[in-house]
Amino acid sequence: MPELPEVECVVRSLRPWLEGSRISAVEIRSRLAAGGDPASLCRFLAGRRIASARRRGKFILFELAPGFCAIHLRMTGRLLWNGGTGPYTRAVFELDRGRLLLDDVRQFARIYAGLDLPETVAKLGPEPLELTAAEFRGRLLARRGRIKAVLLDQRFLAGLGNIYVDEALHRARIHPLQPAGTLTARRAEGLHGAIVEVLSEAIAAGGSSISDYVDGMGARGAFQLQHRVYGRGGEACPRCGAAVRRIAVAQRGTHFCPRCQRLQ
DNA sequence: ATCTATTCCTGGCTGC
DNA sequence: TGCAGCCAGGAATAGA
């Protein structure tokens, strides 16, 4: 599922085609994708120029002239340049140099557009790759919940999802149920480093393609081959050899090594 | 305020 | 082979 690294790769692959382009028309094929009001979304977007295309958390954000368009791929959404339309095509953006498709089997993906930045984007926490370890530690201290739930909260930190939270906690040797505010400065710093490391490596590998993810050109990522615990319940921990456990935390499948990651 | 449970959605998998 | 039933989960929403 697209998390920060996947969305970053989508944006990088599409940016050359999108920036400076004018949206001539938008066709919405799924009412859900447009948040219930396809007509006004199309009306707003038609004729506007995309000044820049960038990522914010897990959102793909177009700065328009004027206004904003934000796209969230959720679980199975794909943004594809000049692909063929199919039964799962939910929206078609006609642009100067081609067309951009939003495909999504499960109809969770959403498109927002308006003169103001959508509220959900405005309320996002800081970017993990732009935050210092000290700032990260400070934010952690203010939280009461379990570390996994806190890291999944987009208002705390923008862009982490289930895969990269499990992978970062394993690298930092922190148990997913550890209360966030109890991490020592040293361990919080280690977690910050693990987050930066895993996200950077994942971006370099083109993201994780587990089932649906591909970038804007249809290319799969390779980082799923480097997952150490995510999706590996029952397998040997690559660090110590103990069997990776799978539990539920915050209604999410959670993978961790019971030997390397101990509650403290 | 803060945390937890539910809902949305459907392809793929499991088990009978 | 067929099919019912369950599972995956990001974020909005409702409930505690």
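Chain A is the first sequence line, chain B the second, and so forth, proteins listed ahead of strands; every chain is numbered from 1.
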**Message:** Do A:Arg139 and A:Phe156 form a cation-pi contact, if we require the NZ or CZ to be under 6.0 Å from the six-membered ring centre and within 45 degrees of the ring's axis?
**Reply:** yes
**Prompt:** Would you say the side chains of A:Gln264 and A:Arg187 form a donor-acceptor pair under 3.5 Å?
**Reply:** yes
For nucleotides 4-7 of chain C, which of its nitrogen or oxygen atoms have a protein nitrogen or oxygen under 3.5 Å away, and what is each distance?
none

**Complete:** All heavy atoms of A:Leu95 vs all of A:Ser24, minimum pair found to be N-OG, 4.4 Å
**Fill in**
B/S/- along nucleotides 7-13 of chain B (protein heavy atoms under 4.0 Å) is -BBBS--
**Request:** Determine the minimum heavy-atom distance between A:Leu160 and A:Glu3, stating which atoms define it.
**Result:** C-OE1, 4.0 Å
**Asked** Expressed in angstrom and rounded to an integer, what is the separation of A:Leu160 atom CG from C:dG10 atom P?
**Response** 11 Å
Restricting to nitrogen or oxygen on both sides, can you table the protein-nucleotides 13-16 of chain C pairs closer than 3.5 Å?
none

**Prompt:** Are OP1 or OP2 of C:dG9 and a side-chain N or O of A:Tyr230 less than 4.0 angstrom apart?
**Reply:** yes
**Prompt:** Does one side chain, of A:Ser30 or A:Gln107, offer a donor that lies under 3.5 Å from an acceptor on the other?
**Reply:** yes
**Message:** Salt bridge check, A:Asp153 against A:Arg143: does any charged N sit closer than 4.0 Å to a carboxylate O?
**Reply:** yes
**Request:** Please report the closest heavy-atom contact between A:Ala194 and A:Arg171, naming both atoms and the distance.
**Result:** CB-CB, 3.9 Å
**Prompt:** Which atom pair, heavy atoms only, marks the closest approach of A:Asp166 to A:Val229?
**Reply:** O-CG2, 3.6 Å
**Message:** For C:dG10 and A:His72 - does any side-chain N or O of the residue sit under 4.0 Å from the phosphate oxygens OP1/OP2?
**Reply:** no
**Prompt:** Does one side chain, of A:Asp212 or A:Thr76, offer a donor that lies under 3.5 Å from an acceptor on the other?
**Reply:** no
**Request:** Could you check how far CE of A:Met75 sits from P of C:dA12, rounded to whole Å?
**Result:** 14 Å
**Message:** Whether A:Glu8 and A:Arg12 form a salt bridge (side-chain N of Lys/Arg under 4.0 Å from carboxylate O of Asp/Glu) is what I want to check.
**Reply:** yes
**Asked** How many Å lie between CG on A:Leu124 and P on C:dA11, as a whole number?
**Response** 8 Å
**Item:** Whole-Å distance separating the CG atom of A:Asn162 from the C1' atom of C:dA11
**Value:** 13 Å
**Message:** Under 4.0 Å, counting only non-hydrogen atoms across every strand here, what does A:Met1 touch: a base, just sugar-phosphate, or nothing?
**Reply:** sugar-phosphate
**Request:** Starting from C1' on C:dG10, measure out to NZ on A:Lys123 and report it in whole angstrom.
**Result:** 15 Å
**Request:** Search all heavy atoms of A:Arg90 against all heavy atoms of A:Asp104 and return the closest pair with its distance.
**Result:** NE-O, 2.7 Å
**Prompt:** For the residue pair A:Phe136 and A:His192, does the interplanar ring angle fall in the parallel (under 30°), tilted (30 to 60°) or perpendicular (over 60°) class?
**Reply:** tilted
**Request:** Determine which pairs satisfy ring pair (Phe, Tyr, Trp, His ring centres under 6.0 Å) with at least one residue from residues 160-187 of chain A, sequence neighbours left out, and list them in order.
**Result:** A:His175-A:Phe256
**Asked** Can the positive tip of A:Arg48 be found less than 6.0 Å from the middle of the six-membered ring of A:Phe44, inside 45° of the ring normal?
**Response** yes
**Asked** Could you give the CZ-to-P distance, from A:Arg56 to C:dA11, as a whole number of Å?
**Response** 12 Å
**Item:** A:Thr254 vs A:Thr120, nearer the 5' end of DNA chain C by closest nucleotide
**Value:** A:Thr254
**Asked** Just how large is the angle between the end axes of the helix from B:dT2-C:dA16 to B:dC16-C:dG2, five pairs per end, to 10 degrees?
**Response** 50°
Taking only N/O atoms, report every protein-nucleotides 1-5 of chain B pair under 3.5 Å with atom names and distance.
| unit_1 | atom_1 | unit_2 | atom_2 | d |
| --- | --- | --- | --- | --- |
| B:dC3 | OP1 | A:Gly145 | N | 3.1 |
| B:dA5 | OP2 | A:Gln251 | NE2 | 2.6 |

**Side-chain H-bond candidate by donor/acceptor type, A:Glu63 with A:Ser52, under 3.5 Å** = yes
**Message:** Could you tell me how far apart A:Gln154 (CD) and C:dA12 (P) are, to the nearest whole angstrom?
**Reply:** 9 Å
**Prompt:** Would A:Val121 end up clustered with A:Phe68 when hydrophobic side chains under 4.5 Å apart are linked, directly or stepwise?
**Reply:** yes
